[in-house]
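When reading the values below, keep in mind they use all heavy atoms of this one structure, side chains included, and skip hydrogens, waters and symmetry mates. Residue numbers begin at 1 in each chain, while the letters A, B, ... track the order of the sequences.
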Number of protein chains: 2
Amino acid sequence: MHMKSSLAQSQWPVSVATAPACEGCGLVERCFLAKPLPDDDGDCADIVRRRYPIERGERLYRRNTPFTSLYQVCSGSLKTQRETPEGDLVVTGFFLPGDVVGIDALADRQYQSDAYANIDTEVCQLDFERLLSHCAHKPGLNAWIISMIGSYVRRKDSDLSWSCSLQTHQRVLRFFLDLHERLTQASHTQSSGLSLPMKKQDIASYLHMTPETLSRNLAQLRREGLLHLHDNRFTLPDTTRARAITGL
Amino acid sequence: MHMKSSLAQSQWPVSVATAPACEGCGLVERCFLAKPLPDDDGDCADIVRRRYPIERGERLYRRNTPFTSLYQVCSGSLKTQRETPEGDLVVTGFFLPGDVVGIDALADRQYQSDAYANIDTEVCQLDFERLLSHCAHKPGLNAWIISMIGSYVRRKDSDLSWSCSLQTHQRVLRFFLDLHERLTQASHTQSSGLSLPMKKQDIASYLHMTPETLSRNLAQLRREGLLHLHDNRFTLPDTTRARAITGL
DNA sequence: TCGTTTTCTTGATCCAGGTCTATTGGAAGC
DNA sequence: GCTTCCAATAGACCTGGATCAAGAAAACGA
């Protein structure tokens, strides 16, 4: 660990993975800095702006603005949404710790959606041009990018395959199963249930149903003992049965 | 153009972009060989197996087999499909000349779907490992990969945003508008209509509706003068109105 | 050419989920 | 405290598209 000096005016901190800002982050397995650059000597530090805070409701980027950076979520949660021609908003994705946001902008270098923080959130901003320019002499970095994009593609593909074909109660259940899985792998804490980091109407929008339908289905799932949900905390008492119902 | 010799037993032809197999291909703008390697000296030739033919109904790769190659369509058309837990098949994508197939396998190095030829088809097979290994000294290649994946992501994202929220007749119309655009940019020929390279039941599956519903909607669109479709050839007489209806 | 098979089309019925309305609950502001 | 506002529930109704059933038309092999 050389170079711990911080240039006060610099937007990009120059210190590396184990620097103060990374302490207590909790993201190890999927972190951009930890994985492809385990023994980084500091020359990649200009890529990243670490633990950049976004408060609840704040916008991270806007649709149709030039693409400059990808963002990896450290804590909290983001959503992306876009507007239909009729003028109403549709939520296109939820992003949890470890997830990378902004990948939809790769094609034409313009963000394709608006990104908002669902709750108070921290992200690591990754300058994409600098990221690419480091690939040549950091083979692990290229692999990290490919696999990161790969995960995004896989998610979109699987979303697409069930978002329409399943019934509403199956979609709801599947959403909670997925969320449960992603939240536990991110934080490892299995306390008294997990907290639901987004609003119900956003869930409804994401699942292509009305808030009323979501509400009815939640009530039904509670009645059947498949989901506990109270005060924005939830547990899945019977994941085996839930999986069977959703077809997993 | 050096090195036009062909090693008879070699699976991988050693000649380059303008070699015999590429003559009359027609793909220029989006071709893997033409774009990132315009002045290639032949050292990338081990990446590609050019114009590999697949006949109608034949399978290119199978789900849950190890990922080795990406395939760029030269001529013809492919579909990818997967099986639902209930056992019925869902078409997840159509691929036309210029499109790259197999991207969904990047995440866990296993193909996520079955790929079949809709009609007699030619593809260029790209060995992925060799492709990556050439990235370090071919900056244009890395950019090509990123932008290729980017296009795929954009397509999936936009599919996801309309596949559920639109009514069936809008989805059908949008499908034909999209197909028209992709086919004309690929071939530049605007003869007496474009030929429809896939079966109607596959279109129905892809659009998340029953063949019956598709058929009814096609009849309706014909009646309204928005679509001509006969003998697997189609034209869109009024794209302006069609776009307005689908919200574009 | 024919007969067989598969794909496509049309009509009649039914139900999941959207729409509309009203009510309840909870958080922010004064 | 009370009010305001928006999110969340619940009931009554309605419609788009699935389902079921049957017929027409291609595609295919002999």
Side-chain angles (χ1 to χ4, degrees), chain A residues 55-57 79 81 84 86 88-91 116 118-120 162-176 195-223 227-234 245-246, chain B residues 55-58 79 81 84 86 88-91 116-120 162-176 195-223 227-234 245-246:
Chain A
E55 53 186 48
R56 188 170 71 89
K79 68 175 173 186
Q81 63 182 26
T84 67
E86 294 80 41
D88 32 38
L89 299 167
V90 187
V91 173
Y116 287 91
N118 294 317
I119 53 180
D120 290 350
W162 59 268
S163 62
C164 278
S165 50
L166 296 184
Q167 308 230 92
T168 49
H169 71 276
Q170 294 175 303
R171 297 213 292 273
V172 174
L173 204 46
R174 192 129 168 181
F175 175 81
F176 277 94
S195 92
L196 192 68
M198 66 286 280
K199 289 195 282 188
K200 296 223 174 82
Q201 57 184 20
D202 284 335
I203 300 176
S205 170
Y206 177 68
L207 294 176
H208 298 287
M209 62 186 72
T210 57
E212 293 94 323
T213 302
L214 175 61
S215 184
R216 271 184 265 271
N217 278 296
L218 289 176
Q220 182 63 26
L221 291 172
R222 262 188 284 244
R223 248 175 268 134
L227 172 72
H228 289 169
L229 173 58
H230 190 66
D231 259 352
N232 270 357
R233 299 196 72 80
F234 74 96
I245 289 172
T246 62
Chain B
E55 53 187 47
R56 189 170 70 88
E58 198 185 331
K79 69 175 174 186
Q81 62 182 25
T84 67
E86 294 80 40
D88 31 38
L89 299 167
V90 187
V91 174
Y116 287 91
N118 295 316
I119 54 179
D120 289 350
W162 58 269
S163 62
C164 278
S165 50
L166 296 185
Q167 307 231 98
T168 50
H169 70 276
Q170 294 175 304
R171 298 213 290 274
V172 173
L173 204 45
R174 192 131 171 179
F175 176 81
F176 277 93
S195 93
L196 192 68
M198 66 285 280
K199 289 193 283 189
K200 297 223 172 85
Q201 57 186 18
D202 285 334
I203 300 176
S205 170
Y206 178 68
L207 294 176
H208 298 286
M209 63 186 72
T210 58
E212 294 94 321
T213 302
L214 174 62
S215 184
R216 271 185 265 271
N217 277 297
L218 289 177
Q220 182 63 28
L221 291 172
R222 262 188 286 244
R223 250 175 268 132
L227 172 71
H228 289 169
L229 172 59
H230 190 66
D231 258 351
N232 269 356
R233 301 194 70 79
F234 74 98
I245 289 171
T246 61

Taking the side chain as every heavy atom from C-beta outward, state whether [X] and [Y] have any atom pair closer than 4.5 Å.
| X | Y | answer |
| --- | --- | --- |
| B/L173 | B/Q170 | no |
| A/L229 | A/R222 | yes |
| A/M209 | A/V172 | yes |
| A/K200 | A/L218 | yes |
| B/M198 | B/K79 | no |

Could I get the full list of side-chain contact (heavy atoms from CB on, under 4.5 Å) partners for B/S195, not counting sequence neighbours?
->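 By the side-chain contact (heavy atoms from CB on, under 4.5 Å) rule, B/S195 matches B/R233.
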Test ring pair (Phe, Tyr, Trp, His ring centres under 6.0 Å) applied to A/Y116 - qualifying residues, sequence neighbours left out =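 For A/Y116 there are no ring pair (Phe, Tyr, Trp, His ring centres under 6.0 Å) partners, ignoring immediate neighbours.
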Expected output: side-chain B/S205 to main-chain B/V91 donor-acceptor under 3.5 Å =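 Yes, because the side chain of B/S205 sits within donor-acceptor range (under 3.5 Å) of the backbone of B/V91.
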Using atom CZ of A/R223 as one end and atom P of D/dT9 as the other, report the distance to the nearest whole Å.
->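 Rounded to whole Å, this separation is 12 Å.
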Derivation and outcome, side-chain contact (heavy atoms from CB on, under 4.5 Å), residues A/L221 and A/F176 = CA-CA 11 Å; A/L221 291 172; A/F176 277 94; 5.7 Å; no
Can you list, by residue number, the residues of residues 197-207 of chain A that have a non-hydrogen atom closer than 4.0 angstrom to DNA chain D?
->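 Hits under 4.0 Å, by residue number: A/K199, A/K200, A/Q201.
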List for me each residue that meets side chain to side chain donor-acceptor pair (under 3.5 Å) alongside B/S165, sequence neighbours excluded, and say none if there are none.
->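 Counting only residues at least two positions away or on another chain, B/S165 forms no side chain to side chain donor-acceptor pair (under 3.5 Å).
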Going 5' to 3' through nucleotides 17-30 of chain D and flagging B where a protein heavy-atom sits under 4.0 Å of the base, S where only the sugar-phosphate is that close, and - otherwise, we get SSBBB------S--
Check every nucleotide of DNA chain C for an atom under 4.0 Å from a heavy-atom of chain A, then give the first and the last such nucleotide from 5' to 3'.
->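 Reading along DNA chain C, I get C/dA16 to C/dT21.
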